[in-house]
Undergrad: 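Please find one structure pasted underneath; my questions will follow.
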There are 2 protein chains.
Amino acid sequence: MAKERVTVVDIARAAGVSKSTVSLVLQGSALVNEATRAKVNAAIRELGYVYNRSAANLRQAKSKIIGIVVNDLTNSFFAELAVGVDGVVQSAGFVQFLANTGEKSERQREVIASMREHGVSGLIISPARGTEASDLAPLVASDIPVVLVVRDIAEAGVSSLISDNHAGAMAAVRHLIERGHRRIAFLGGFPDTAVFEARMRGYRDALREAGMPALDELVIGSAPSRAGGVTAIEQAMMLKERPTAALCFNDAVAFGVCDGLRARRLEPGADFAVIGFDDVIEAKTAVPALTTVSVDPQGMGERAAELLLKQITAGRAEPESIVSPVRLVVRQSCGGTVERRVKEISS
Amino acid sequence: MAKERVTVVDIARAAGVSKSTVSLVLQGSALVNEATRAKVNAAIRELGYVYNRSAANLRQAKSKIIGIVVNDLTNSFFAELAVGVDGVVQSAGFVQFLANTGEKSERQREVIASMREHGVSGLIISPARGTEASDLAPLVASDIPVVLVVRDIAEAGVSSLISDNHAGAMAAVRHLIERGHRRIAFLGGFPDTAVFEARMRGYRDALREAGMPALDELVIGSAPSRAGGVTAIEQAMMLKERPTAALCFNDAVAFGVCDGLRARRLEPGADFAVIGFDDVIEAKTAVPALTTVSVDPQGMGERAAELLLKQITAGRAEPESIVSPVRLVVRQSCGGTVERRVKEISS
DNA sequence: TGACGAGATTGGAACGTTCCAATTATTAAG
DNA sequence: CTTAATAATTGGAACGTTCCAATCTCGTCA
């Protein structure tokens, strides 16, 4: 029963050539005769040979595996990011190692170590909260290309791809101001993160630009989830002077805010303007369709993967920090009458 | 710059022992002296050694990798399933290879082949639509344990873990009937899938049981997504005799149905009863909270992983087909006044 | 003292591939 | 007909680990 593994020498014997020739065929080398190539391929099919990548990796130090570690796969933003990465990585002949850290940096350390042991040729990381440059140090020390997405870690000295959070938040708030809103809240997100900081700064700057005060009571943090959105809007509605509009930390929070509003018999869009951030797929089909700052998670995953592949093939490359432009997609959740109007920002 | 890889012989030399001893230490063998173990570990830290799993895999034919392939990572049901798997797999010292097929069986063939080349010791597969037993044949032929989740393929002869779709659908429809509904629709899902078939059969059986007719016009297929739900409810509302309630193929469809109702100024729960299937996390926090048949995707992922690990360690095991019990979670989207009441079904 | 066994340690042969240098067969040129 | 160039093919040495059987070092017991 315990069938022997069929190896390259088995098929060499079957095809009447040497194992070197078989290896050449496997690599699609040009210098093998068409007839023998056919013979070898026939033998491969015949014997049901499966290539052993471990053996290959051992010889040549590059592995055709890229790792992607995300902090919360449950959030569809990251799930979409992962499928974006997967797409380009696959078609480049690589395969994806995906791990979920659940925001735990201990777990993150483990999975990164494990990926290193497997000899990944590069890593795309959306770092867990509280990740420090020192966590990535061993990677850069051993020249493994790393691309950070979504959250940058400035001191780490690796490439990064983040969205233009500041510009996006400003555009959203400007839009609300144009619509006549004067009390605009910023809802959701953990205040101790760089992304929160950037979006909140954009929010504040847009208010100042319009000569409006940026009140602390209108900035309400929460978990960056749907449930967090519900609690944030509840808290906002407790204020003596209630806001009439809100920019939310992300789309999940925005959906939660909509839920919370409905629970109070307020219709999002008509009675209260809400804008999200990310543009996850459901944003388009939700009712009301969510006005949001589009980050295109899938596209971001694709670009991150391309950047990483470039670095892998180029060998040593200078780390680049790309901030990816972002656009406000106006739909219905901010009382819009204009549907699908789109504004380009930050080039 | 191009630093040499640190190998086991390097640290052997540094620690003044043989490479065999180092190997023993790496495997946590009991028969190495405490003092030398310490010396070796010190050298490992000192030189920044990283274990080379490719080399290890080459020698011993087992790889500590398990693969998981899902048909649509964008659907949060599968994302949650994946994190469930990841959790138990990690803590068993394995690492997860995740691939997304996007329902394309061609892609599925590729990723499965690739995983085989990497020597995965087992595979959890949520098959793409139209997967046939023959697609899995090479896996069973080479004794690689496989656990099918969500969708079973009877002829494949591998283990499977699916939810009790028939019982769940029956319970949901019974509940609607108890509430006095007489025109109940079944909305969403691709009619040519086994899961659709099972849920729809449950729906029909419950109607018959109550002596009610099962009308074809009330069964409306669509893509199993939020957008699909919107179109399905629109179609349902075109009927001369409209339904007053619906069991939806899954939660995503149910959310879409709610959206579509609101677009017609109907309030889900109050004006029209909707029940979902799956119980994704958002079901609880949505407004109105979704009544749904709870499948617990994360728990399902965990159980699938445990089943797979059991088969991996046990060597050859008889394939088991587990149908996982399911429970109706009554929340607000079916006009409930009773919140969080829970009915256990199918033991 | 000698023999024995347990506890530690070790050298070397695998594992399945790739790569290099070397070889053979084939063709073209002189 | 020889030589050179080109096209195909090949054996064997890596790669970094694990495993086996063999060895070495003690302490203990008769």
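Each chain gets a letter, A, B and so on, in the order its sequence line appears, and its residues count up from 1.
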Undergrad: List in numerical order all residues of residues 25-39 of chain B for which some heavy atom is under 4.0 Å away from an atom belonging to DNA chain D.
TA: B:Q27

Undergrad: Sub-3.5 Å donor-acceptor pair from the side chain of B:S63 to the main-chain atoms of B:G119, do we have one?
TA: yes

Undergrad: According to a strict under-4.0 Å criterion, is A:S23 in side-chain N/O contact with OP1 or OP2 of C:dT17?
TA: no

Undergrad: Determine which pairs satisfy salt bridge (Lys or Arg N to Asp or Glu O under 4.0 Å) with at least one residue from residues 42-60 of chain A, sequence neighbours left out, and list them in order.
TA: A:R53-B:E117

Undergrad: Round to a whole Å and report the spacing from NE2 of B:H118 to C1' of C:dT17.
TA: 14 Å

Undergrad: Quick one: pull up CG in A:N57 and CG in B:L58 and give me the separation to the nearest 0.5 Å.
TA: 10.0 Å

Undergrad: Could you list, one pair per line, each protein nitrogen or oxygen that sits under 3.5 Å from a nitrogen or oxygen of nucleotides 22-26 of chain C, together with the distance?
TA:
none

Undergrad: Using every non-hydrogen atom in the two residues, find where A:S321 and A:S160 come nearest and quote the distance to one decimal.
TA: OG-OG, 3.2 Å

Undergrad: Looking only at N and O atoms, is any donor in the side chain of A:R59 or the base of C:dT17 less than 3.5 Å from an acceptor on the other one?
TA: no

Undergrad: From NZ of B:K19 over to C1' of D:dC15, roughly how many Å is that when rounded to an integer?
TA: 13 Å

Undergrad: Looking at residues 40-55 of chain A, who's got a heavy atom less than 4.0 Å off DNA chain D?
TA: none

Undergrad: Assess whether one donor atom and one acceptor atom, taken from the side chain of B:S18 and the base of C:dG11, lie less than 3.5 Å apart.
TA: no

Undergrad: Check whether A:E302 reaches the backbone of A:V85 with its side chain - one donor and one acceptor, N or O, closer than 3.5 Å.
TA: no

Undergrad: May I have the distance from A:R116 (atom CZ) to D:dG16 (atom C1'), rounded to whole angstrom?
TA: 16 Å

Undergrad: Which atom pair, heavy atoms only, marks the closest approach of A:P297 to A:E80?
TA: CG-OE1, 3.4 Å

Undergrad: The criterion is side-chain contact (heavy atoms from CB on, under 4.5 Å); which residues satisfy it with B:D135, sequence neighbours excluded?
TA: B:R109, B:T131, B:E132

Undergrad: Taking atom C1' of D:dG16 as reference, at what distance in whole Å does atom CG of B:D10 sit?
TA: 10 Å

Undergrad: Could you check whether any side-chain heavy atom of B:D10 comes within less than 4.5 Å of a side-chain heavy atom of B:R13, counting everything from C-beta outward?
TA: yes

Undergrad: Has the side chain of B:S142 got a donor or acceptor atom that lies under 3.5 Å from a matching backbone atom of B:I144?
TA: no

Undergrad: Please step through side-chain contact (heavy atoms from CB on, under 4.5 Å) for the pair A:N33 and A:R37, ending with a clear verdict.
TA: CA-CA 6 Å; A:N33 184 301; A:R37 178 194 307 281; over 6 Å; no

Undergrad: Look at all strands and tell whether A:T7 reaches a base, only sugar-phosphate, or nothing, counting heavy atoms closer than 4.0 Å.
TA: sugar-phosphate

Undergrad: Closest approach to the side chain of B:T21, judged atom by atom: which nucleotide of C:dT9, D:dT18, D:dG16 is it?
TA: C:dT9

Undergrad: To the nearest angstrom, how far is B:E117 atom CD from C:dG16 atom C1'?
TA: 13 Å

Undergrad: Counting heavy atoms not belonging to A:K310, are there more than 12 under 6.0 Å from its NZ?
TA: no

Undergrad: Are any non-hydrogen side-chain atoms of B:V120 and B:I66 less than 4.5 angstrom apart?
TA: no

Undergrad: Do the side chains of A:V25 and A:N41 get nearer than 4.5 Å, heavy atoms only?
TA: yes

Undergrad: Between D:dA13, C:dT10, D:dG16, which one does the side chain of B:L58 approach most closely?
TA: D:dG16

Undergrad: Would one find a side-chain N or O of B:Q60 under 4.0 angstrom from OP1 or OP2 of D:dC19?
TA: yes

Undergrad: Give me the bend of the helix from C:dT1-D:dA30 to C:dG30-D:dC1, using the axes of the five pairs at each end, rounded to 10°.
TA: 60°

Undergrad: Are any of the side-chain heavy atoms of B:V89 and B:L308 separated by less than 4.5 Å?
TA: no

